[in-house]
Amino acid sequence: MSKQRFRLADYYQSGSNYYHATFEKLTHKTNAQHKKIPVALLTDVYLVDENDKKVRLSKKNDFVDRKGRHIIADHIWVKFTKPWFEVPNELIKGDEIFFSAEVEQYKINRPDVLKQRDRIWNDAKKKADQIYKRWSKYTDEHKRKNFQLSLEKMKQKQHDILEQAKEDQKKLELVDYGLNKIKKINISKLVKPRHHFERGQYNYEQYKRQGYKYSAWLAARSIKYSQGESVE
């Protein structure tokens, strides 16, 4: 799980909450049906109330951004659904919004997490083997009065180490958290566009007619602007 999104887990299955975020860009991703869908990249996401007033968090391990705010995600990808088309202005990099959303959970298959889980198990197996080798060596060199008892103790130590490893592996869940069912999107702050750039307006009817052709055009404008390129 992303270190910066772990806070979202606290709000999973708790209904809708309000979030404040900075818009970065609009692009696309391929869903499970191999269809390209528009998604927005948001940064510096933190919890607010319905009036966009920041909700203070207090956990010691909260992630703090460069402005000292206790954010719950340094970045997050969200689906660009119908409510986005109701925003009065085309959004550009740096614009700030707040909105209502629910936390969703989804499975991930990250190699770094899998390697970490394997490392935990392999280290535990190594410790268990070392315990056996030390026990076996001592047994060979010394006559034990209570051989069976020492054998059981040695096996119990091995068992405890492996069970702890399993618990440690469980803490590295192959899930992550995001925001879904976004609605009630409000403008909090609009940045001044660069010279020669004119904001447009999103057109949901055009998106319904043209689909990817229209959203790809919107995304191309958004990406070029975010990269500092000229936008026609």
Side-chain angles (χ1 to χ4, degrees), residues 1-2 4-5 8 11-12 16-48 50 52 71-110 175-232:
M1 188 194 308
S2 168
Q4 291 79 29
R5 284 196 292 273
L8 283 175
Y11 302 96
Y12 180 54
S16 298
N17 287 291
Y18 280 87
Y19 302 89
H20 183 114
T22 300
F23 184 85
E24 178 73 17
K25 64 182 177 181
L26 173 64
T27 183
H28 287 81
K29 75 172 184 178
T30 303
N31 64 12
Q33 290 73 43
H34 304 290
K35 179 181 178 181
K36 288 186 176 181
I37 60 172
V39 292
L41 174 59
L42 305 178
T43 61
D44 296 338
V45 185
Y46 58 91
L47 200 65
V48 294
E50 60 184 3
D52 198 25
I71 60 176
I72 56 175
D74 68 334
H75 75 281
I76 198 167
W77 295 92
V78 296
K79 295 176 183 177
F80 202 79
T81 50
K82 185 177 180 181
W84 288 93
F85 289 86
E86 298 169 0
V87 175
N89 300 92
E90 177 183 14
L91 297 174
I92 59 176
K93 182 177 181 178
D95 289 340
E96 295 182 34
I97 58 175
F98 70 100
F99 51 88
S100 171
E102 295 183 17
V103 175
E104 66 174 350
Q105 183 190 77
Y106 56 93
K107 293 182 179 181
I108 58 174
N109 185 23
R110 285 174 39 184
V175 297
D176 207 341
Y177 295 87
L179 295 176
N180 199 5
K181 297 182 180 179
I182 291 178
K183 56 186 178 180
K184 301 179 182 178
I185 302 173
N186 296 276
I187 302 294
S188 181
K189 176 185 176 182
L190 293 179
V191 297
K192 184 179 180 180
R194 291 198 305 272
H195 191 52
H196 296 313
F197 180 85
E198 293 187 11
R199 293 179 187 268
Q201 287 185 316
Y202 300 129
N203 189 322
Y204 187 65
E205 294 302 318
Q206 188 173 354
Y207 176 61
K208 286 200 299 182
R209 290 195 307 270
Q210 296 183 312
Y212 174 71
K213 182 178 180 180
Y214 177 61
S215 61
W217 178 75
L218 289 176
R221 284 172 57 84
S222 180
I223 293 171
K224 283 184 178 179
Y225 188 91
S226 69
Q227 295 176 341
E229 300 177 14
S230 60
V231 181
E232 298 179 359

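What's counted below: heavy atoms across the whole structure, side chains too, no hydrogens, waters or symmetry copies.
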K.L.:
Just list the side-chain donor-acceptor pairs under 3.5 Å for residues 94-105, sequence neighbours left out, or say none.
P.N.:
unit_1: Asp95; atom_1: OD1; unit_2: Val191; atom_2: N; d: 2.9
unit_1: Asp95; atom_1: OD1; unit_2: Arg199; atom_2: NH2; d: 3.0
unit_1: Asp95; atom_1: OD2; unit_2: Ile92; atom_2: N; d: 2.8
unit_1: Asp95; atom_1: OD2; unit_2: Arg199; atom_2: NH1; d: 2.8
unit_1: Asp95; atom_1: OD2; unit_2: Arg199; atom_2: NH2; d: 3.4
unit_1: Glu96; atom_1: OE1; unit_2: His20; atom_2: NE2; d: 2.7
unit_1: Glu104; atom_1: OE1; unit_2: Asn180; atom_2: ND2; d: 3.2
unit_1: Gln105; atom_1: NE2; unit_2: Tyr177; atom_2: OH; d: 2.9

K.L.:
Hey, could you give me the OG/CD distance between Ser215 and Gln206, rounded to the nearest 0.5 Å?
P.N.:
10.5 Å

K.L.:
What distance do Leu42 atom CG and Ile76 atom CD1 have between them, rounded to the nearest 0.5 Å?
P.N.:
7.5 Å

K.L.:
List for me each residue that meets salt bridge (charged side-chain N to carboxylate O under 4.0 Å, His left out) alongside Lys29, sequence neighbours excluded, and say none if there are none.
P.N.:
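If we apply the salt bridge (charged side-chain N to carboxylate O under 4.0 Å, His left out) test to Lys29, skipping adjacent residues, there are no hits.
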
K.L.:
Find out whether Ile187 and Leu91 are in side-chain contact, i.e. whether some heavy atom of one side chain is under 4.5 Å from a heavy atom of the other.
P.N.:
yes

K.L.:
Quick one: are Trp77 and Leu41 in side-chain contact, heavy atoms under 4.5 Å?
P.N.:
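SC-SC contact between Trp77 and Leu41 confirmed.
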
K.L.:
Which atoms form the tightest heavy-atom contact between Pro38 and Leu26, and what is the distance?
P.N.:
CB-CD1, 4.1 Å

K.L.:
With sequence neighbours left out, what residues match Tyr207 under ring pair (Phe, Tyr, Trp, His ring centres under 6.0 Å)?
P.N.:
Phe85

K.L.:
Please enumerate all residues that pass side chain to side chain contact (heavy atoms under 4.5 Å, CB included) together with Glu205, with sequence neighbours excluded.
P.N.:
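Applying side chain to side chain contact (heavy atoms under 4.5 Å, CB included) to Glu205 gives Asn203, Lys208, Arg209.
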
K.L.:
Is any side-chain heavy atom of Tyr212 closer than 4.5 Å to one of His28?
P.N.:
yes

K.L.:
Applying salt bridge (charged side-chain N to carboxylate O under 4.0 Å, His left out), name anything that partners Glu198, two or more places apart in sequence or on another chain.
P.N.:
none

K.L.:
Can you check whether Asp52 reaches Asn186 side chain to side chain, under 4.5 Å on heavy atoms?
P.N.:
no

K.L.:
Using 30° and 60° as the class limits, which term best fits the ring planes of Tyr19 and Tyr11: parallel, tilted or perpendicular?
P.N.:
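Judged by the thresholds at 30° and 60°, the geometry between Tyr19 and Tyr11 is perpendicular.
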
K.L.:
Of Phe80, Trp217, Tyr214, which is the lone residue that meets ring pair (Phe, Tyr, Trp, His ring centres under 6.0 Å) with Tyr202?
P.N.:
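Passing option: Phe80.
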
K.L.:
Identify the residue among Ile71, Asp74, Thr22 that makes a side-chain contact (heavy atoms from CB on, under 4.5 Å) with Thr43.
P.N.:
Thr22

K.L.:
Verify the neighbour count for atom CD of Gln227: are there more than 12 heavy atoms of other residues, nucleotides or ligands below 6.0 Å?
P.N.:
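Counting neighbours around CD of Gln227, more than 12 heavy atoms of other residues, nucleotides or ligands fall under 6.0 Å, so yes.
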
K.L.:
Within the structure provided, determine whether Trp84 and Ile185 are in side-chain contact (heavy-atom separation under 4.5 Å).
P.N.:
yes

K.L.:
May I have all residue pairs that pass salt bridge (charged side-chain N to carboxylate O under 4.0 Å, His left out) and include part of residues 78-93, sequence neighbours excluded?
P.N.:
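Pairs touching residues 78-93 that pass the test: Glu24-Lys93, Glu90-Arg221.
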
K.L.:
Of all the heavy-atom pairs spanning Lys192 and Tyr225, show the shortest one and how long it is.
P.N.:
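For Lys192 versus Tyr225, the nearest heavy atoms are O-OH, 4.2 Å.
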
K.L.:
Find the distance between NZ (Lys184) and OG (Ser16) and round it off to the nearest 0.5 Å.
P.N.:
7.5 Å

